[in-house]
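Numbered from 1 within each chain, the chains take letters A, B, ... in sequence-line order. Values below: all heavy atoms of this structure, side chains included; hydrogens, waters and symmetry mates excluded.
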There are 2 protein chains.
Amino acid sequence: MLTYVNGEFYPADNAKISVRDRGFRLGDGAFETILIHAGMPYQLALHVERFKKSLKHLGIKSDTKKIPELVKKIIAKNKILDGFVRIAVTRGESGFGYSAKNVGSPTIVIETEKSTVKKNKPAKLWMSSYVKHPLPGKIIGNITSVLARIEAEESCFTDSLLLDAKGKICETSSANIFWFTGNKLYTPKSGMLEGTMRSAVIRLSPFPIMRGDFILADLKKADAVFITNVAWKILPVVELKPLGLKWKESKKTKILAQLLEEDINGMG
Amino acid sequence: MLTYVNGEFYPADNAKISVRDRGFRLGDGAFETILIHAGMPYQLALHVERFKKSLKHLGIKSDTKKIPELVKKIIAKNKILDGFVRIAVTRGESGFGYSAKNVGSPTIVIETEKSTVKKNKPAKLWMSSYVKHPLPGKIIGNITSVLARIEAEESCFTDSLLLDAKGKICETSSANIFWFTGNKLYTPKSGMLEGTMRSAVIRLSPFPIMRGDFILADLKKADAVFITNVAWKILPVVELKPLGLKWKESKKTKILAQLLEEDINGMG
């Protein structure tokens, strides 16, 4: 397995960056994780667009033009059929402190990972004790998601549901959330990362999409709930603790999952 | 110059970590920056105590017992008289995603930097457009401070003042804030990092300390303002833009700066 670091491919175990890199020092960078199916990156253009936005918000001037080519190159070199590509760009190397006055050129790292999981179990969600705060994109320095995920895993839950400071439903630590109430499909319109699988679901759904600001009382009315990300695709949620909410897997979720699989298969 | 990485000292330019390190991947770690004066670390025990708290909040089980010894060792090896030691501990290496189920052992990096600035100019502060959210310690993944500092530097200001979502004064991106109104010394009591220079000022001040929840209207009444961190020690603030607030350097601030210098000198 090879990893790309600043213009060169290295054996993954030898792919290293300086301890002075601001990604390592301060979480000062952005990343993307892209699904690979049958050797092809799914929704690559959408990832690159979002990545550009994250870097713009951070004020990191990195050339993103070569990314699509590099992504395809690393998939071919590593012979990945099913798995993921991860791209990270940081502001570069600097001294101690937050000052960005003397920073080197941006660091770029591109890695691949093979998919090991055939089928994910339905998700059990934990109500996070952390509060979701807005982030300017898919940022490395996002300790809330790290701690919310760990909080869930410590209690053997799949993931944690995050609300913002006003109690608005945002996302889970690692995924976007959707739910059905009747025939309509609900999902938060703000406060969450604009996930690429979320975009795919919105694009493919035959059910009317209701994007809005929702609270737990809205979720309590749901008939079925699912979460989405590039690793889990569409994952039904069967429980939300400690609120005592339980849901069954629904036919409508299965229809969406089927449409998504067809879209992913059709891509190649 | 040598840098310590996981048990070994390397020439600083060769001190590297894997791209899989969760510090680099997710800002998943904590750090400390300690002042060195006359070859001695100032308030080392206070830094180690805070570092332990940060790591505890993150749930990172790293042995901190050897840190004081390692700090003294690296100062001696690098012959640092005046400068800084930076310690970073991350959760270790893992695959893509937030899951912490399969993480290696924690990574520890200890570096030094020589002090290059003889005397800092008084600070001009910018009113940040970012909102300060609480963090569980001195965390690597703190993009708000990064962006707030950059925002200030882009307009040739020293640093940015951060308020929380309710308008409460917290800190600047890189320092704690104090101000005099009359003979009393004011500083936020929550929402900020508990800076070690802030602790020193509180410990040394002959002026009564008023810790509380303050808003900009309180700061407007100030006769003199200063900020504190290990690099700037006590730095007078002369301006806060775009609010049009200006302050002169005060005798009381100079008295405190003198007391702090004596404390730092006395340490050795």
Salt bridge (Lys or Arg N to Asp or Glu O under 4.0 Å) with A/Asp213: which residues, sequence neighbours excluded?
-> A/Lys168
Below 4.5 Å from any heavy atom of chain A, which atoms of B/Phe96 appear? Answer side chain, backbone, both or neither.
-> both
Do B/Lys132 and B/Glu171 meet the salt-bridge criterion of a basic N to acidic O distance under 4.0 Å?
-> yes
Top contributor to chain A interface from B/Phe31, B/Tyr130, B/Tyr98 [non-hydrogen pairs under 4.5 Å] | B/Tyr98
Sort B/Leu147 into side chain, backbone, both or neither according to what part of it lies under 4.5 angstrom from a heavy atom of chain A.
-> side chain
With respect to chain A, which residue among B/Ile140, B/Asn142, B/Asp159, B/Val230 yields the maximal number of heavy-atom pairs within a distance under 4.5 Å?
-> B/Ile140
Against chain B, label A/Asp21 side chain, backbone, both or neither, depending on which of its atoms sit under 4.5 Å from a heavy atom there.
-> side chain
Determine the interplanar angle of the A/His133 and B/His133 rings, folded into 0 to 90°, and report it as parallel if under 30°, tilted if 30 to 60°, perpendicular if over 60°.
-> parallel
By a 4.5 Å heavy-atom criterion (distance strictly below it), what part of B/Ala12 contacts chain A: side chain, backbone, both, or neither?
-> both
Would you tell me whether A/Ser128 and A/Glu151 have side-chain atoms, one donor and one acceptor, within less than 3.5 Å of each other?
-> yes
Minimum side-chain heavy-atom gap B/Ile17-B/Glu93 below 4.5 Å | no
Portion of B/Ile150 that has a non-hydrogen atom of chain A nearer than 4.5 angstrom | side chain
Could you tell me which portion of B/Leu135 (side chain, backbone, both or neither) has an atom closer than 4.5 angstrom to a non-hydrogen atom of chain A?
-> side chain
Donor-acceptor pair between B/Ser94 and B/Arg22 side chains, under 3.5 angstrom | yes
Counting heavy-atom pairs under 4.5 Å with chain B, the top scorer among A/Lys101, A/Arg25, A/Lys16 is A/Arg25
Sort B/Thr3 into side chain, backbone, both or neither according to what part of it lies under 4.5 angstrom from a heavy atom of chain A.
-> side chain
In B/Lys138, B/Arg50, B/Arg86, B/Lys52, the residue satisfying salt bridge (Lys or Arg N to Asp or Glu O under 4.0 Å) with B/Glu32 is B/Arg50
If you count heavy-atom pairs under 4.5 Å with chain A, which of B/Val19, B/Ile139, B/Asp28, B/Ile143 comes out on top?
-> B/Val19
Under 4.5 Å to a heavy atom of chain A? For B/Val85 that would be backbone
Given a strict heavy-atom distance threshold of 4.5 Å, which part of B/Val5 is in contact with chain A: side chain, backbone, both, or neither?
-> side chain
How far apart are the C-alpha atoms of B/Thr64 and B/Val89, what are their side-chain angles, what is the distance that settles it, and do they pass the side-chain contact (heavy atoms from CB on, under 4.5 Å) test?
-> CA-CA 10 Å; B/Thr64 51; B/Val89 167; over 6 Å; no
For A/Glu153, is it the side chain, the backbone, both, or neither that has a heavy atom closer than 4.5 Å to a heavy atom of chain B?
-> side chain
Determine the option with the most heavy-atom pairs under 4.5 angstrom with chain B, choosing from A/Ser173, A/Pro136, A/Ala15, A/Ala100.
-> A/Ala15
Per-residue contact mode, B/Thr116 against chain A (heavy atom under 4.5 angstrom) = neither
Does one side chain, of B/Gln43 or B/Ser199, offer a donor that lies under 3.5 Å from an acceptor on the other?
-> no
So what's closer than 4.5 Å to chain A heavy atoms on B/Val109: side chain, backbone, both or neither?
-> side chain
Side chain proximity check, A/Leu162 to A/Thr172, heavy atoms < 4.5 angstrom | no
Under 4.5 Å, counting heavy-atom pairs only, tell me which of A/Gly141, A/Ala231, A/Gly95, A/Ala165 racks up the most with chain B.
-> A/Gly141
Show your reasoning for whether side-chain contact (heavy atoms from CB on, under 4.5 Å) applies to B/Leu35 and B/Lys233.
-> CA-CA 9 Å; B/Leu35 176 70; B/Lys233 299 172 189 165; 4.0 Å; yes
When the 4.5 angstrom heavy-atom criterion is applied to B/Thr144 and chain A, the contacting part is neither
Is it the side chain or the backbone of A/Thr33 that comes within 4.5 Å of chain B heavy atoms, both, or neither?
-> side chain
If you count heavy-atom pairs under 4.5 Å between each of B/Ser174, B/Ser99, B/Ala152, B/Gly29 and chain A, which one has the most?
-> B/Ser99
Side chain, backbone, both or neither: which part of B/Glu154 has a non-hydrogen atom closer than 4.5 Å to chain A?
-> neither
Go through the atoms of B/Asp13 and report whether side chain, backbone, both or neither lie under 4.5 Å from a heavy atom of chain A.
-> both
